[in-house]
Structures are given as structure tokens and as C-alpha cells.
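Working notes for the structure below.
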Amino acid sequence: MTTNIRPLHDRVIVRRIEEAEQARGGIIIPDSAKEKPQEGEVIAAGEGKYTKDGTRQALDVKVGDRVLFGKYTSSEIRIDGEELLIMREDEILGIITRAGAAAGSADGKKRGK
């Protein structure tokens, strides 16, 4: 059974992006000692909050964006056995874009060579 959830106002629902397990020097760190990642993917977004004049201010993030957020800025929720985060848009520190898209210049030429 799939549950659909729509956050209200300026809230977003984020799924943490788990990093690949890394063993440093042959030592495996147990899950309980690992820090939870501060990076995630927006899976649902509200319609925005209302301004003083009654219009709705649209969100800067959208579904599918990869975002960076603070350690203690969200509330953990569990939906259909999956652990998700719900937070306000202003708790998101930034949107992560892939380096390949920004690497080329506007005229298509590489600089520095």
C-alpha cells in the first residue's frame, strides 16, 4: 500500500541519501556510531506560504532536488516503514547541483588552457 502525503504551506518532505559504506583502515563502523547524512532528495513539497497581502509565495525547491540541511533542523517521520524528514523550506541550507552541468562556460569553450 502506498501512502501519498502532501506537506502544507512551506514544508517539504526529504528522503536522506545514504552514503556508500566506507571502511577506513579495515575498521567497520557500526550503524549506531555513524553520523546520519545531511543530504537528501525532496520527495514532496507544499504550495508555499501566504504573504501579508494574501498571495502565496512559491517555494524555491521542487520535488527531485538534492538538498543540504542542518543536523537538528527537521522532524523525523515514518511512513510505510520508510524514515523520512519533514522540514520548513527555510531550514534547507542549499540545493546541490551536479558539477558537470556548471563545468562548461556559456560559449562552450573550456577556460584555462
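These values consider heavy atoms only, across backbone and side chains, with no hydrogens, waters or symmetry-generated copies. If you read the sequence from its start, that first residue is 1, and numbering goes on from there.
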Report yes or no: do I95 and M87 belong to one cluster of Ile/Leu/Val/Met/Phe/Trp/Tyr joined by side chain heavy-atom distances under 4.5 Å? yes
Which value, rounded to the nearest 0.5 Å, describes the distance between K49 atom NZ and R88 atom CZ? 7.5 Å
So, taking the atom named NE2 in H9 and the one named CD in Q57, what distance separates them when rounded to the nearest 0.5 Å? 13.5 Å
Between atom OG of S74 and atom CD of Q38, what is the distance when rounded to the nearest 0.5 Å? 9.5 Å
Mind checking salt bridge (Lys or Arg N to Asp or Glu O under 4.0 Å) for E41 and listing every partner two or more places apart, or none if nothing turns up? none
Would you name the heavy atoms of V14 and F69 that are closest together and state the gap between them? CG1-CE2, 3.9 Å
For K62, which residues count as a side-chain hydrogen bond (donor to acceptor under 3.5 Å, both in side chains) partner, sequence neighbours excluded? D65
So, for I5 and P7, which heavy atoms are closest and what is the spacing to 0.1 Å? O-CD, 3.9 Å
Could you tell me whether a side-chain N or O of E83 sits under 3.5 Å from a main-chain N or O of E76, the two making a donor and an acceptor? no
Looking only at non-hydrogen atoms, find the nearest pair between V61 and E89 and report the distance. N-OE2, 3.2 Å
To the nearest 0.5 Å, what is the distance between CD on E82 and CD1 on I77? 9.5 Å
So, using side chain to side chain contact (heavy atoms under 4.5 Å, CB included) as the criterion, who are the partners of I43 when residues are at least two apart? I13, R15, L84
Apply side chain to side chain contact (heavy atoms under 4.5 Å, CB included) to R66 and list each qualifying residue two or more places apart in sequence or on a separate chain. I17, E39, I96, R98
Got a sec, which residues hit side-chain hydrogen bond (donor to acceptor under 3.5 Å, both in side chains) with T55, two or more places apart in sequence or on another chain? T51, D53
I92, L68: one ILVMFWY side-chain cluster at the under-4.5 Å cut-off? no
Check the pair E47 / R6 against side-chain contact (heavy atoms from CB on, under 4.5 Å), numbers first and verdict last. CA-CA 9 Å; E47 295 179 12; R6 182 177 54 95; 3.7 Å; yes
